[in-house]
Amino acid sequence: QVRLVESGGGLVQAGGSLRLSCAASGITFNTRAIGWYRQAPGKEREFVAIINSVGSANYADSVKGRFTISRDNAKNTVDLQMNSLQPEDTAVYYCKYPSLPYWGQGTQVTVSS
């Protein structure tokens with residue numbers, strides 16, 4: 001059974017940083033791309049960042065230059081370092097394999113102005 005467990009969210013002031021982590025289990029991790037997505041109140045879930053099996057990453061324009069995705073294939077984890085956070089980054093953040101229909105419970109990020 002595929003399991004994705006996100007952690008590291010919290011409340012931070014604008015301009016601050018947070019590091020999210022996702023622990024994956026139940027399926028081979030190191031051969032699959034995995035990404036971060038977010039859903040703000042009243043909005044659709046949206047793509048944030050993705051990293052492929054060899055570490056190549058892509059980002060949404062809204063986070064490019066502020067967020068960094070990384071993975072540890074030995075630990076089956078994918079992290080999202082978020083810097084220069086803004087109130088519009090407030091959302092529940094999820095990790096997901098783009099090729100599979102499984103979601104974790106998410107982790108709440110709240111950025112105060």
Side-chain angles (χ1 to χ4, degrees):
Q1 182 180 357
V2 175
R3 189 163 185 241
L4 299 163
V5 181
E6 301 92 344
S7 61
L11 173 64
V12 64
Q13 288 187 333
S17 298
L18 282 174
R19 188 175 183 91
L20 307 183
S21 187
C22 169
S25 61
I27 199 167
T28 302
F29 178 82
N30 60 6
T31 61
R32 298 178 184 273
I34 190 165
W36 284 94
Y37 302 78
R38 66 186 182 186
Q39 187 166 21
K43 295 188 176 181
E44 296 288 320
R45 200 168 294 186
E46 65 176 4
F47 165 78
V48 175
I50 192 168
I51 187 166
N52 68 10
S53 60
V54 295
S56 180
N58 281 295
Y59 300 90
D61 287 345
S62 59
V63 307
K64 205 170 290 184
R66 300 188 297 124
F67 291 11
T68 303
I69 189 171
S70 60
R71 66 189 296 161
D72 186 333
N73 288 337
K75 296 181 179 179
N76 287 9
T77 58
V78 56
D79 289 356
L80 187 68
Q81 177 66 41
M82 306 187 296
N83 299 328
S84 302
L85 283 161
Q86 299 302 316
E88 52 265 35
D89 296 315
T90 294
V92 179
Y93 284 71
Y94 303 86
C95 64
K96 183 183 183 291
Y97 296 107
S99 59
L100 298 175
Y102 305 105
W103 295 93
Q105 84 288 347
T107 187
Q108 176 72 48
V109 171
T110 303
V111 185
S112 63
S113 57

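Heads up: numbering here begins at 1 and tracks the sequence.
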Mind checking salt bridge (charged side-chain N to carboxylate O under 4.0 Å, His left out) for K64 and listing every partner two or more places apart, or none if nothing turns up?
D61

Nearest 0.5 angstrom please: I51 CD1 to N58 CG, how far?
10.0 Å

Determine, step by step, whether Q108 and L11 satisfy the side-chain contact (heavy atoms from CB on, under 4.5 Å) criterion, reporting the C-alpha distance in whole Å, the side-chain angles of both residues, the deciding distance to 0.1 Å, and the verdict.
CA-CA 8 Å; Q108 176 72 48; L11 173 64; over 6 Å; no

Linked, directly or transitively: L85 and V92 (ILVMFWY side chains, under 4.5 Å)
no

Mind jotting down which residue pairs meet the ring pair (Phe, Tyr, Trp, His ring centres under 6.0 Å) criterion with at least one end in residues 3-35? Sequence neighbours excluded, please.
none

What salt bridge (Lys or Arg N to Asp or Glu O under 4.0 Å) pairs are there with at least one residue in residues 3-16, not counting sequence neighbours?
none

Does the side chain of Q86 reach to within under 4.5 Å of the side chain of S62, using non-hydrogen atoms?
no

Nearest 0.5 Å, what's the OG-CZ distance between S53 and R71?
6.5 Å

Interatomic spacing from OG1 in T107 to CG in L20 - rounded to 0.5 Å
6.0 Å

Going by distance alone, is a donor N or O of one side chain under 3.5 Å from an acceptor N or O of the other, for D79 and Q81?
no

Smallest separation among heavy atoms of S113 and A14, with atom names:
CA-CB, 4.3 Å

Would you mind listing every salt bridge (Lys or Arg N to Asp or Glu O under 4.0 Å) that reaches into residues 20-30, with sequence neighbours excluded?
none

Within 6.0 angstrom of Q105 CD, more than 12 heavy atoms from elsewhere:
yes

Linking I/L/V/M/F/W/Y whenever their side-chain heavy atoms sit closer than 4.5 Å, directly or via other members, would W36 and I50 fall into one cluster?
no

Kindly work out whether a path of hydrophobic side-chain contacts (I/L/V/M/F/W/Y, heavy atoms less than 4.5 Å apart) joins V2 to V5.
no

Do T110 side-chain atoms and T90 backbone N/O form a donor-acceptor pair below 3.5 Å?
no

Salt bridge (Lys or Arg N to Asp or Glu O under 4.0 Å) contacts in which one or both residues fall within residues 23-40, not counting sequence neighbours:
R38-E46, R38-D89

Supply the atom-to-atom distance N76 CG to L4 CG, rounded to the nearest 0.5 angstrom.
10.5 Å

Where G35 and P98 come nearest, the two heavy atoms and their spacing
N-CD, 4.3 Å

Pairs flagged by ring pair (Phe, Tyr, Trp, His ring centres under 6.0 Å) wherever residues 83-111 is involved - sequence neighbours left out
Y37-W103, Y94-W103

Nearest heavy-atom neighbours spanning G8 and L18
O-CD2, 3.9 Å

Closest non-hydrogen atom pair between T77 and A23, with its separation
CG2-CA, 4.2 Å

